[in-house]
Amino acid sequence: MAIKSLEELRKLRASLQDSVDLREKGESTSGITEVLIGMGTCGIAAGARDTFNELLTIIEEQKLSKVKVISVGCLGQCSLEPTVQVNMPGREPLIYGKITENRVKELVEKVIIKQGYLDENLLIPSFTKDGVK
Amino acid sequence: MKNINIVINNNELSVPEGTTVLEASRNVGVDIPTLCHLELPDFGIVNKVASCRVCVVEIEGRGALSPSCAEKVYEGMVVKTDSLKAINARRSNLELLLSNHPFECLTCQKNLDCELQSLAEKLNIREIHAKGIKMDYPIDTSSNSIIKDPNKCVMCRRCETMCNEVQTVGVLSAIKRGFDVVVAPAFNLDMVDTSCTYCGQCVAVCPTAALTERNDTSRVWRALSREREHVVVQVAPAVRVAIGEMFGLEPGTISTGKLVTALRRLGFNAVFDTNFGADLTIMEEARELVHRIENNGTLPMLTSCCPAWVKFFEHQFPELLDVPSTCKSPQTMLGAIAKTYYAEKMDLNVKNLKVVSIMPCVAKKAESARPELSKEDELHVDFVLSTREFGHMIKEAGIDFTSLEDGKFDNILGESTGAGAIFGTTGGVIEAATRTAYELITGENLEKIEFEQLRGLEGIREATVSIGDLDLKIGIAHGLGNARKLLEDIKAGKANYHAIEIMACPGGCIGGGGQPYHHGDQNVIKKRQAAIYEIDKATPRRKSHENEMVLKLYDDYLGEPYGKKAHSLLHTCYVPAEKI
Amino acid sequence: MKERITVLVCGGTGCMASDSNEMVIQLKQRIKELKMENEVTIIKTGCFGFCGQGPIIKIQPDNVFYVKVKLEDIEEIITEHIVKGRVVERLLFDDPKANEKVKEHKNMDFYKKQMRIALRNCGFINPEDISEYIAVRGYEALAIVLSENTSEEVITIMKDSKLRGRGGGGFPTGLKWELTAKQPGNEKYVICNADEGDPGAFMDRSILEGDPHSILEAMAIAGYAMGANTGIVYIRAEYPLAIHRLETAIKQAREYNFLGKDLFGSGFDFDIDIRLGAGAFVCGEETALIASIEGHRGEPTKKPPFPSEQGYKDKPTSVNNVETFANIPSIILKGAEWFSSIGTENSKGTKVFALAGKINNIGLVEVPMGTTLREIVYDIGGGIIDGKEFKAVQTGGPSGGVITKEHLDTPIDYESLKAIGSMMGSGGMIVLDEDNDMVEISKFYLDFTQDESCGKCTPCRIGTKRMFEILERLTNLEGCPEDLDILEDLAHNIKNSSLCGLGQSAPNPVLSTLHYFREEYEAYANRTISKSYKIIEEKCIGCTKCSRVCPVECITGKVKVPHIIDESACIACGACFDACRFDAIIKP
Amino acid sequence: MSNVNLNISELDRDLLNELDIYIEATVDPNGSLINILHKAQLIFGYLPHNLQLYISRKVGVDAARVNGVVSFYSYFTEKKTGKNVISLCMGTACYVKGSEKVLHKLLKTLDVQKNEVTEDKLFTVRDVRCIGACGLAPIMTVGEKVYGHVKEDMVEGILNQYRGEE
């Protein structure tokens, strides 16, 4: 899959634009919900791997076909690990903190299925993604 | 080369590009103390690790001080060697070193010959402000040659440079880190369990007594004190051109006669010359070479006079053990003859006959203890003293060395030729062998005795000497690192020599690990070399096979050179050893 | 159906202290009274990361942001905003620059306090999926320079951006590249220093774990600029996850031909190799790092010669830190001018700090240079744990120093930190509160540096040991006032005459605390400090718990009778303090 | 030195084969000495003297240099460890939050010195440099498992989880 030129790279990028839009603005054409889990060392140390596995299990159990779980790096909010970001089409991306294994079921139910919030775990990112917008 | 303009302590000066601040400063009479720094460029010895921080100076525009020994000048550089910042730092660093140093100077092997000690005096250290725990490592007395006392180490790394870069023996490394760091063999093994060659180059450069030769003077004093014992002594060729340095004489002063007198005064029953052993070695070695050439034997043939070199190839090139000559070294040949021929002649009980060697070398101590260098459980040589130890004995006896009259070696094993004398320098053994081999092969008289092409100080030299129909290809290496290169070439089939001379120490025995300390001055070694050639020139006979006492020895006792009896007394074998 | 309203009330540690719990109760109560439960949801959230302005209430979907809300403001928010849909202007965030109230939180200058350049993709993309990196313009910067710029132009961009090394030294990156590029010969190396060794700093790890491709891309750009075809990442073995992600990223990049031969058809070859560190702080120093990469003990060598002249395998080598590299793709994509518009006069762009210690929001923050320490500690960090008194921030790790209360408003950049006796270092910020003993803190750092000293040069090998011994003497109450003079002399001489940066900066924690907290040292030196815990007789009920936990058995007393601590035997371990349920024990 | 075992033939042949494969695939074994040592430690669990000697011969560098490198870096260990390696983070964040006390408690509870193996061969306790999870300070790891916010009174309970395995 060697990319031979700038044009090829840009074409490839355009085809991948959708998920970025979902994460940045909550816009997507695919209807996929993304759940991002911070899987840096500190996240994993705080139990992110268990959270990750639990999420997969629940998604499978509940047959949520349009939910994708993605492991990402750390957000920097170490004292609030494990952190989970939920990106749903049409909603502002939301970040939840301290989503340990036992909070996952509730998160899926309240946030993904009922499109609500998981009250006390909800964080609001204190920074814009890419500096000055 | 371009000149660079700099300012040192307000003195403007212009020095060639590449000059260090230290060199430039000394040009204008500014003294900067040094400790770890060591440089003998003509011998490939450079230790510029800049670790001791005793030579630091202030360079304008830099926050931290710079080590003058390793700092090269640049255009417009402004140096202050005497700023408070620099003076304080130097003193502080020396104090720190002393705060971690045993204060046993009075009984230390290096007392009054210690670079740390003289630095402490120079920098006016009278008090150690920050005291604390000191290193506490066991002293390694395992070998017959070298004593390692890590507690006296100042981490100048000179020994590591010698062992790894110059000699490529690779035994020493810094182990651990921080305050616990110590220079040691792998796994902190005792020296005796390693592939240390005991070349003693680490000893030769150690500024303190962290590495010294094993002091055998008290053993020799004891032997001399026993009336029942007949103690004879032999002196290696390189000792006579260096011993004077112990008594303030110029390096290269030839002190052969004084040295003989001193030995007599110390009470030795007979004073022999290792040069005799050297001539004897040539008789055997030249024959062996001719034999190998004529009988399609293993070539090249390597010399085997140097015990560090012998140990080096046993550990590092065990697959090449058939390459070196089987000849014993001159010291052990002489010892073997002393304990047989001489003992018989003098009607001495060998058990009461002790042979002492004065050697420029510390490896000779270990060599003398090798079990195969003995006859019927009697070692050929009982005690080996370094040039330094010998000098100390003279001092101890209160002998005024410089005003001694010249004495003569005891004739029986004391006569020697110029060929024996040049054994003390790199190129000398092979030149001596060539003189004899030439006449052996051609049957003609050699007119031009000096083979200039074999002389010099290049690390590796080669020459072709025409001997009749034969173009004798000769290689020479001094320093084990250079020897390694030659050996690698031999292994790879690249080197096409008949004979190769190898000496472990830079410069050969004149630069040996047992010689008076050169303290980093390479001219000391060069002057000794010049003196060696001077001795050769001044000796009436200059070919080993013309040594009448040697010839008499063969007639009386040994029979044919390279013959059966000679073989059993004068030849040896080598054992492969592990490399650690 | 009417648009559903969500009221988010900050419930983070910082805001909790200011009645946000009570607000949630009141809000819920009023909404219930108004019978609006079906339309309005009240949520108590985690930390907004906005603690200095708390408590905060955010109303969705209007995206209106109220700060410093008080209990009495609740009624107005409900009647005005929720019922009538009118924004309560006076509670909006007051942007000091724009001097106007703004509603939408993304527009507020406050949020710009954190600005993510180096961390731009961390937590945003899957680091093990190259297509996600490509989706955020990954490898585009590399493609652009290879197709549109000469090597010289890339160096010019870097110089114009005024980016400086983020590893601690702050050397201009463009200049470093230029020095390496200028060297003759065509065998050169690009090294990424990922041997993050400062205790308490973990931004490099976070970047490598969260966005490894950005480092690979930047290294390739560096290689192109300098004429190097080989890159080496020297990474701590203690970071297995980062190593794994890096390995994965390299593999993927090779598949896409972002690494390898003839990148983007330009004819430029570049590939990257990983070398592991093995636990030696000194290997963060570039010459020691190179020694380590060559398979040797990590002992530094004298500079000059600099690695740019004689580095890895004695070839010209540029060593740059992870965070430095992480900035580079953005600089190429957005331009040098954009980057140099951020920050202070001599320090451009952002810096990532690792906030740790006695602070509420522990974590990584990325702020523009020039942000004040106060903003970081209080606004972003949420202030001190348990409402304790701020004492100092230690920056620069074992090479740095402390910043005290009086300097809280210093805009942070390379020069200003140096001026107050600390340094940027790699960006560790350890917040210390009133309970921290500054002599103990500097002892901690000296213990670290003397343990991590490579042992090569005298001042660092023996000097730091002696300094540590003096500190130990002092804290054991075995020191004397003269020790302080010796300590200070030693510190200066070690600083002046050590071989490498580690040694030269090792005394900084002592010099800095000696400067700002000399009285604490003097108290030890004069032995006027009490090292013992004490029992308040009136409060002690004689439960015996303290005496049972005391490891040196220096607490005695009968049951139900106030206990006594033998002050001469107390080792001040604090076990009794933790065990006492009656607040009857006081710290020394 | 009696405590130095240099007998290479005592090394496990299968494990050596695994190491050999790695070394032989290394492009520049001399320069990659540290990577090779990592691999060896991974395979053998530690770097005993005879293994260091083996590597020195295999790679063709002096044993003194190998040992100099091994003893320089704190990540390498020449001693066999207990079944469970307990690492206590001594980074600044953990230190200011009391990790030293936890370390003392551990050593006292197990009656063992740092880096030594407990009598039951179950544990080795080490202090390590910052592992970069400061948010959970003080941090202790047992093998791969991470324990955050560790206090002295938690030590016994954590240890018991591993004691029960026997």
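Numbers restart at 1 for each chain; the letters A, B, ... are given by sequence-line order, proteins then strands. Every value quoted in this text rests on a predicted model; they were computed, and no experiment measured them.
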Atom of A:L6, atom of C:S147 and distance for their closest heavy-atom approach: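 Nearest pair, atom of A:L6 first, then C:S147: CB-OG, 3.9 Å.
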
Taking every non-hydrogen atom, the tightest pair across A:C42 and C:R205: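 Answer, listing the atom of A:C42 first, then C:R205: SG-NH2, 3.3 Å.
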
Is it true that atom [atom1] of [X] has more than 12 heavy atoms of other residues, nucleotides or ligands lying nearer than 6.0 Å?
X      : atom1 : result
C:E337 : CD    : no
A:E61  : CD    : yes
A:R49  : CZ    : no

Trace of the side-chain contact (heavy atoms from CB on, under 4.5 Å) decision for A:L9 with C:Y256: CA-CA 10 Å; A:L9 178 69; C:Y256 280 76; over 6 Å; no

From [X] [atom1] over to [Y] [atom2], what is the distance, rounded to the nearest 0.5 angstrom?
X      : Y      : atom1 : atom2 : value
A:E8   : C:F264 : CD    : CZ    : 9.0 Å
A:K4   : C:S266 : NZ    : OG    : 10.0 Å
A:R10  : C:E140 : CZ    : CD    : 4.5 Å
C:E132 : A:E34  : CD    : CD    : 6.5 Å
C:I134 : A:L16  : CD1   : CG    : 6.5 Å

Residue A:L118 versus chain C: region with a heavy atom under 4.5 Å: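 Neither part.
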
Side chains of A:I3 and C:Y139 in contact at under 4.5 Å (non-hydrogen atoms):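 Contact flag for A:I3/C:Y139 side chains = no.
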
Proximal component of C:N126, with respect to chain A [non-hydrogen, under 4.5 Å]: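 Backbone plus side chain of C:N126, per the 4.5 Å heavy-atom cut-off to chain A.
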
Proximal component of C:R245, with respect to chain A [non-hydrogen, under 4.5 Å]: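 Side chain of C:R245 only, per the 4.5 Å heavy-atom cut-off to chain A.
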
Per-residue contacts, residues 63-71 of chain A versus chain C, heavy atoms under 4.5 Å: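 So the qualifying residues are A:I70, A:S71.
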
Which of C:G265, C:P127, C:G210 touches chain A most, by non-hydrogen pairs under 4.5 Å: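 Winner by heavy-atom pair count: C:P127.
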
Largest heavy-atom contact set with chain A, pairs under 4.5 Å, which of C:L208, C:V365, C:I207, C:N257: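 The answer is C:N257.
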
